[in-house]
Amino acid sequence: MHESLETSAQTPRPETAGGLPAGAARDGGQLEKPAVEFRNIDIAYGKFVAVRNFSLAIRKGSFITLLGPSGCGKTTILRSIAGLVDISAGQISIGGKRVDDVPIYKRNIGLVFQSYALFPHKNVFDNVAFGLKYRNVPKPEIARRVSKALEMVRLPGSEKKLPSQLSGGQQQRIALARAIVFEPEVLLLDEPLSALDANMREEMRVEIKKIQKETGITAIFVTHDQEEALSMSDQIVVMDAGTMEQIGSPEQVYETPATAFVADFLGKANMLPGVVSSVDGHKATITLSAGQAVTAVSPKVLTPGARVSVVVRPQKLSVGASVPANKLAGRVVSTSYLGGSAIYEIDIGERTIIRANTPIDGKVAREGEAINVGFDPAGCVLLDEKGLRIA
Amino acid sequence: MIAGQHQDKEGRWAWRLTGFITLCVYIFMFAPIIATVVLSFNASMFGGFPLTGFSLQWYAKLLSNEQVLTAFRTSMWIAFVTAAVTTLLGIITAYALVRFEFPGKATFGTLVILPALVPETILGVGLLVLIKAVDQPRSMGLLLLGHILLALPYVVLITQARMVGIRRTYEEAALSLGASRISSFREITLPLLIPAVVASALLAFTISFDNTSASLFWRPAGVETMPTQILSMLKISISPEINALGTVMILVTVGIPLVGGLMLQGLTRLRKRVDAKGNA
Ligand SMILES: Nc1ncnc2c1ncn2[C@@H]1O[C@H](COP(=O)(O)OP(=O)(O)OP(=O)(O)O)[C@@H](O)[C@H]1O
Ligand SMILES: [Mg+2]
């Protein structure tokens, strides 16, 4: 099972901006050292290898997100930066310095936990001042910086409160203040929003992003919520089973998924397997397993007979009279009416179900109705037999 | 409707019965204690009812009984040392058991609480046999060691339960903020552990102070603790003096935890007030 994943991980698509492939910062002639750099790290819990051959360089001041399903190793990677888990191979550098032998309390890292982890017996002031106290900052300076940090998280004057007297959202703001007040080299956030209710989550999303921009701190954010990842990040690292599947900007990862896993995990794209039947330059005609044929634009000239998968996002599909091309006849299996748009599940034969999310134009199609569904030949991505994007 | 009423009636009777039984149990539990305390103030020469008048003479007699005073002092210091040593060992053991992985951890955990599971008499004889085997006389050290052995399991269990409840992320947060392991233990873990530390110190104290059967095996010749002193006095007669001694025992074993608990409460309140002032 790991074999196919490993091949995909060893050929991650390193794109530009915040995240760079390991070593690129130096090789590329840039003088600035990456804020955090992983070189081929493995992390094992006993015999179980939770992370394998992971490499990544994170540019100073960028907001990078580790995104992946539960148990894929996001927390493990984050904790390895902090020094809370030991790596079994490879090396980690922070600000250009190797940290293998540096204990956690000397790494100068801000940590924000899902469970807030505010010290329950200390008030807000003592919580936020904790890091400054251990850096021998003089008292008046501590008071000044604590109050500045509390203003930044929009909770000024809460110094004397105990954590138990604050709401979840407020506690997480204090935890954020505590983690940034001593200006750490990196800010690590492990699902900081998952314990909050939906409204609070959205508010905090904006706030965290704003504070990160203002302070210019390098932030590494862990989540399994794709919306959070897409809306907050400069770069997203999509992970599966301890390996990197893809790295890129939110648009790159969403629009051009590198692997079948990424296409499915981010936005549940339709994946239609088929065989290339004819080729005309960069345009290929593909006969789907469902029986019908579509044309797709391929960055590479394909050979007839090749097995491929056509990946189309539900939002890129249109239905009914507005279908521009690649018209596929089908039957509505289910309709979810969402007001401005509707999600249709359409059977296009051989029990192949396509999900389309389209603006409503005219009347809403009902279950059992015959309907056409289609997409622009340039609005799809092609994957090869191994599930890797053809580029 | 009728069925409902019927059920109601039955329910009421069930409640009354439960209440009655509960009352009986409590009377049964407390009556001997109350009798002891009341009789200790009885003027009569005989340690029983009926009451003939109020008197403190038995307490006066206790205070002049050198044997009793010596036994009291012995019990007190043994209990203090037991409480201090077991609390310290308990914190370390619980911390190790909860926070670290090491080979033989499960076995070690079981071994530590084993003395609480083995009948005290067996433990008493066992330790004695061991001492005889290495050809050592019974000594105060042995008695103390035995008490520590008896109290340690409870201390570990209490401290461990609290330790499990202290999330590791608190310590990790402290470490990430720059506190060394020792500092984060002192500033975060220990304060959160204090209620368990106080509770287990008090419990260890009373376990030691109360202990009778094992102490009978372990005490060196000529040494009496409070419970063994009472036993040997009982062999001679049921004097009302024993009632007075019993009352003192009750006072110590109930009073010390009570005072300890109140002190802890006062301390937290005080600390909060100081905190509030410090930040004003
Ligand atoms: N202390 C540990 N001992 C053994 N295995 C562990 C330990 N911590 C994590 N693992 C395993 O390592 C893998 C990765 O765990 P990790 O916590 O990094 O996942 P995650 O991506 O953060 O998941 P989630 O979204 O659920 O938090 C999981 O399979 C997990 O079971
Ligand atoms: Mg996690």
Side-chain angles (χ1 to χ4, degrees), chain A residues 45-46 75 78-79 81-85 103-137 139 142-143 146-147 157-163 174-175 178-182 184-188 190, chain B residues 91 95 98-106 159 161-199 261 263-280:
Chain A
Y45 294 106
T75 298
L78 207 68
R79 289 171 67 85
I81 305 172
L84 288 166
V85 295
I104 168 169
Y105 52 91
K106 289 193 184 143
R107 288 198 185 188
N108 202 25
I109 272 166
L111 256 178
V112 178
F113 301 85
Q114 179 178 343
S115 59
Y116 323 134
L118 293 178
F119 308 132
H121 58 301
K122 289 185 181 286
N123 64 21
V124 167
F125 180 90
D126 289 336
N127 263 283
V128 178
F130 198 90
L132 295 171
K133 201 175 78 184
Y134 280 95
R135 282 166 179 76
N136 299 319
V137 178
K139 274 203 168 148
I142 290 184
V146 168
S147 90
S158 60
E159 279 94 341
K160 279 181 235 159
K161 290 202 175 126
L162 282 173
I174 299 299
R178 182 177 70 176
I180 58 172
V181 70
F182 57 92
E185 293 209 45
V186 233
L187 177 64
L188 308 178
D190 192 355
Chain B
I91 293 173
Y95 191 71
V98 175
R99 284 292 189 262
F100 297 103
E101 291 302 325
F102 50 88
K105 176 168 148 171
T159 319
R162 175 83 189 180
M163 192 72 214
V164 168
I166 300 174
R167 265 182 275 146
R168 210 183 278 249
T169 48
Y170 294 141
E171 287 158 30
E172 291 175 351
L175 289 172
S176 77
L177 292 168
S180 66
R181 280 189 196 281
I182 292 174
S183 302
S184 80
F185 180 81
R186 188 174 37 88
E187 257 207 87
I188 308 301
T189 321
L190 196 58
L192 295 176
L193 207 55
I194 279 297
V197 171
V198 172
M263 260 165 53
L264 185 68
Q265 247 177 30
L267 206 73
T268 21
R269 217 170 288 151
L270 192 76
R271 201 166 45 199
K272 261 182 206 159
R273 213 171 302 148
V274 170
D275 254 19
K277 261 196 209 134
N279 291 317

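Chain letters run A, B, ... following the sequence lines, proteins first and then strands; every chain starts at 1.
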- Query: Which pairs pass side chain to side chain donor-acceptor pair (under 3.5 Å) with one or both residues in residues 182-192 of chain B, sequence neighbours excluded?
  - Reply: K122(A)-E187(B), K133(A)-E187(B), Y134(A)-E187(B), E171(B)-T189(B), S180(B)-S183(B)

- Could you check Q114(A) against T169(B) for side chain to side chain contact (heavy atoms under 4.5 Å, CB included), going step by step and ending with a plain yes or no? CA-CA 10 Å; Q114(A) 179 178 343; T169(B) 48; over 6 Å; no

What are the two closest non-hydrogen atoms of [X] and [Y], and how far apart are they?
X: R167(B); Y: S115(A); result: NH1-CB, 3.0 Å
X: A173(B); Y: A117(A); result: CB-O, 4.1 Å
X: F119(A); Y: Y170(B); result: CE2-O, 3.2 Å

Atom [atom1] in [X], atom [atom2] in [Y]: separation rounded to 0.5 Å?
X: H121(A); Y: L192(B); atom1: NE2; atom2: CG; answer: 5.0 Å
X: I109(A); Y: L177(B); atom1: CD1; atom2: CG; answer: 11.5 Å
X: L188(A); Y: S176(B); atom1: CG; atom2: OG; answer: 8.5 Å

- Got more than 12 heavy atoms from elsewhere within 6.0 Å of NZ, K106(A)? no

Can you tell me which portion of [X] sits under 4.5 Å from chain B's heavy atoms? Options are side chain, backbone, both or neither.
X: R79(A); result: side chain
X: R135(A); result: side chain
X: L118(A); result: backbone
X: I104(A); result: both

- Query: So, R181(B) side chain and Y105(A) main chain: donor-acceptor pair closer than 3.5 Å or not?
  - Reply: no

- Task: Below 4.5 Å from any heavy atom of chain A, which atoms of L175(B) appear? Answer side chain, backbone, both or neither.
- Result: both

